[in-house]
S.K.: 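Starting off with a structure, shown below.
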Amino acid sequence: MPEIPAQPFPFAFEPGAVALIVIDMQRDFTEPGGFGESLGNDVSRVAAIVPTVKRLIAGCRAAGMPVIHTMECHRPDLSDCPPAKRLRGKPSLRIGDAGPMGRILVAGEPGTAILPELAPLPGEVVIEKPGKGAFYATPLSDELARLGIRQLVFAGVTTEVCVQTTMREANDRGFDCLLAEDATESYFPAFKAATLEMIRAQGAIVGWTAATDTILAGLQGGGDD
Ligand code: C5J
């Protein structure tokens with residue numbers, strides 16, 4: 001099998017069985033006025049990865065891989081948003097409240113949309129998820145089975161919340177998971193660093209990590225040591 005240089009050891013992959021999954025690259029997490037900022041975060045950190053995510057998406061599309069997009073969002077009546085999620089903490093705007101980009105994390109609102117630079121192409125799978133993990137209460141397992149996917153490359157935000165949760169869910173379901181180190185970001189640099197370490201610790205207990213350029217070179221069959 002071809003390999004991508006990665007940590008803690010090379011990621012062997014089966015061409016045709018690998019997809020890219022881009023987690024929650026939504027305006028609500030990356031732009032001022034959205035959910036991320038309402039929680040007190042500086043969103044400029046996560047916005048900075050957009051060009052790298054764009055390059056990864058383009059490279060995976062060029063390699064013929066399926067690209068799957070996820071969005072954290074809720075129904076307008078919030079029937080899929082547990083009070084335990086909505087009422088937690090003291091955000092300046094809660095899920096469902098009206099903000100400058102529409103209702104926070106509600107499906108169909110402008111702020112909930114995927115960033116236009118990273119927009120899904122017609123035919124690409126888009127998973128709307130009410131939780132942090134993309135497998136919970138979504139058709140993701142069925143879509144991956146339909147596409148014949150057994151290995152996943154991960155990108156998106158935030159590293160230690162929705163990205164890590166989904167990687168752990170995928171790992172438990174038997175998928176090999178490779179996280180693009182520079183195509184994921186957290187509002188907290190220390191949390192990102194810790195997440196990358198814990199994913200690849202103990203012999204890739206959750207998965208592998210590698211830089212975007214290394215992944216793209218590896219997918220094209222070149223590798224770049
Ligand atoms: C958060 C996410 N951080 N997409 N969501 O609440 O990581």
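None of these values were measured; they are calculated from a predicted model.
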S.K.: Does E181 form a salt bridge (charged side-chain N to carboxylate O under 4.0 Å, His left out) with R200? I'd like the steps, not just the answer.
M.R.: CA-CA 12 Å; E181 296 159 2; R200 61 197 178 210; 3.8 Å; yes
S.K.: Determine whether I57 and L20 make a side-chain contact, defined as any pair of heavy atoms from C-beta on separated by less than 4.5 Å.
M.R.: yes
S.K.: Where is the tightest heavy-atom contact between L216 and G59, given as atom of each residue plus distance?
M.R.: CD2-CA, 3.6 Å
S.K.: Are L87 and L78 connected in the hydrophobic side-chain network, where two residues link if heavy atoms are under 4.5 Å apart?
M.R.: no
S.K.: Once you measure the plane-to-plane angle for F175 and F135, does it fall in the parallel (<30°), tilted (30-60°) or perpendicular (>60°) bin?
M.R.: tilted
S.K.: Please evaluate residues E117 and K54 with respect to the criterion salt bridge (charged side-chain N to carboxylate O under 4.0 Å, His left out), reporting the C-alpha separation (whole Å), side-chain torsions for both, the decisive distance (0.1 Å), and the verdict.
M.R.: CA-CA 7 Å; E117 307 94 298; K54 188 172 176 177; over 6 Å; no
S.K.: When T30 is tested against each of I114, V46, I49 for side chain to side chain contact (heavy atoms under 4.5 Å, CB included), which residue passes?
M.R.: V46
S.K.: Rounded to the nearest 0.5 Å, what separation is found between the OG1 atom of T165 and the OH atom of Y136?
M.R.: 13.0 Å
S.K.: Give a yes-or-no answer on whether the side chains of T52 and D182 include a donor-acceptor pair shorter than 3.5 Å.
M.R.: no
S.K.: Quick one: pull up OG1 in T184 and CD1 in I199 and give me the separation to the nearest 0.5 Å.
M.R.: 8.0 Å
S.K.: Any heavy-atom pair between the side chains of I95 and R88 that's under 4.5 Å?
M.R.: no
S.K.: Please report the interatomic distance SG(C73) to CD(Q26), rounded to the nearest 0.5 Å.
M.R.: 6.5 Å
S.K.: Please check if the side chain of Q151 supplies one atom and the backbone of A12 the other of a donor-acceptor pair under 3.5 Å.
M.R.: yes
S.K.: How far apart are the closest heavy atoms of I104 and G33, and which atoms are they?
M.R.: CD1-O, 4.0 Å
S.K.: Are any side-chain N or O atoms of E143 and backbone N or O atoms of P139, one a donor and one an acceptor, separated by less than 3.5 Å?
M.R.: no
S.K.: Does F9 offer a backbone N or O that forms a donor-acceptor pair with the side chain of W208 under 3.5 Å?
M.R.: yes
S.K.: Determine yes or no for a side-chain-to-main-chain donor-acceptor pair under 3.5 angstrom, with R103 supplying the side chain and G111 the backbone.
M.R.: no
S.K.: Please determine whether a side-chain nitrogen of the Lys or Arg among K85 and D80 lies less than 4.0 Å from a carboxylate oxygen of the Asp or Glu.
M.R.: no
S.K.: With side chain to side chain contact (heavy atoms under 4.5 Å, CB included) as the criterion, how do M167 and L179 come out once you've worked through the C-alpha distance, each side chain's angles and the decisive distance to 0.1 Å?
M.R.: CA-CA 8 Å; M167 276 190 88; L179 176 57; 3.9 Å; yes
S.K.: Under 4.5 Å between side-chain heavy atoms, counting indirect links through other Ile/Leu/Val/Met/Phe/Trp/Tyr residues: same cluster for L115 and L56 or not?
M.R.: yes
S.K.: For a side chain to side chain contact (heavy atoms under 4.5 Å, CB included) check, start with the C-alpha distance between L152 and D176, then their side-chain angles and the critical distance, and finish with the verdict.
M.R.: CA-CA 6 Å; L152 290 166; D176 294 320; over 6 Å; no
S.K.: Distance check, rounded to the nearest 0.5 Å: L140 atom CG versus T70 atom OG1?
M.R.: 8.5 Å
S.K.: Is there a continuous path of hydrophobic side-chain contacts, each under 4.5 Å between heavy atoms, that joins I4 to M65?
M.R.: yes
S.K.: Does the distance from a Lys or Arg side-chain N to an Asp or Glu carboxylate O, for E109 and R27, drop under 4.0 Å?
M.R.: no
S.K.: Would you say that P15 contacts P2 through its side chain, given a criterion of any heavy-atom pair below 4.5 Å between the two side chains?
M.R.: yes
S.K.: Between CZ of F35 and CG of L105, what distance do you get to the nearest 0.5 Å?
M.R.: 5.5 Å
S.K.: Regarding Q7 and T209, do their side chains bring together a donor and an acceptor under 3.5 Å, going by distance alone?
M.R.: no
S.K.: If you look at every heavy atom in G96 and V106, which pair is closest and at what distance?
M.R.: CA-CG2, 3.8 Å
S.K.: Hey, is the main chain of E169 close enough, under 3.5 Å, to the side chain of R173 for a donor-acceptor pair?
M.R.: yes
S.K.: Is the ring pair F188/F191 parallel, tilted or perpendicular, if the boundaries are 30 and 60 degrees?
M.R.: tilted
S.K.: According to a hydrophobic-cluster definition based on side-chain heavy atoms being under 4.5 Å apart (Ile, Leu, Val, Met, Phe, Trp, Tyr only), do L196 and V153 belong together?
M.R.: no
S.K.: May I ask you to test the T166-F154 pair for a side-chain heavy-atom distance under 4.5 Å?
M.R.: yes
S.K.: Under a 4.5 Å cut-off applied to non-hydrogen side-chain atoms, are R45 and P189 in contact?
M.R.: yes
S.K.: Please name the residue in the list Q164, K192, E160 that meets the side chain to side chain donor-acceptor pair (under 3.5 Å) test with S186.
M.R.: E160
S.K.: May I have the step-by-step check of side chain to side chain contact (heavy atoms under 4.5 Å, CB included) for R61 and E124, ending in yes or no?
M.R.: CA-CA 10 Å; R61 282 177 182 147; E124 289 181 346; 2.7 Å; yes
S.K.: Quick one: does V50's side chain get under 4.5 Å of M25's, heavy atoms only?
M.R.: yes
S.K.: Do the side chains of C162 and V157 get nearer than 4.5 Å, heavy atoms only?
M.R.: no
S.K.: Here's a test for you: under side chain to side chain donor-acceptor pair (under 3.5 Å), which of H69, K129, K132 qualifies with D24?
M.R.: K129
S.K.: So, does N171 use its side chain to make a donor-acceptor pair with the main chain of R168 at under 3.5 Å?
M.R.: no
S.K.: Tell me the closest heavy-atom pair linking P91 and L39, and the distance in Å.
M.R.: CB-CD2, 3.8 Å
S.K.: Distance check, rounded to the nearest 0.5 Å: I215 atom CD1 versus Q220 atom CD?
M.R.: 12.0 Å
S.K.: Test of understanding: clusters of I, L, V, M, F, W, Y form through side-chain heavy atoms closer than 4.5 Å, transitively. Do V53 and V18 belong to the same one?
M.R.: yes
S.K.: I need the minimum non-hydrogen distance between L178 and A6, along with the two atoms involved.
M.R.: CD1-CB, 4.1 Å
S.K.: So T112 and M101, do their side chains get closer than 4.5 Å, heavy atoms only?
M.R.: no
S.K.: Can you list the steps and then say if F29 with N41 is a side chain to side chain contact (heavy atoms under 4.5 Å, CB included)?
M.R.: CA-CA 9 Å; F29 294 110; N41 299 306; over 6 Å; no
S.K.: For I68 and L144, which heavy atoms make the closest approach, and how far apart are they?
M.R.: CD1-CD2, 3.4 Å
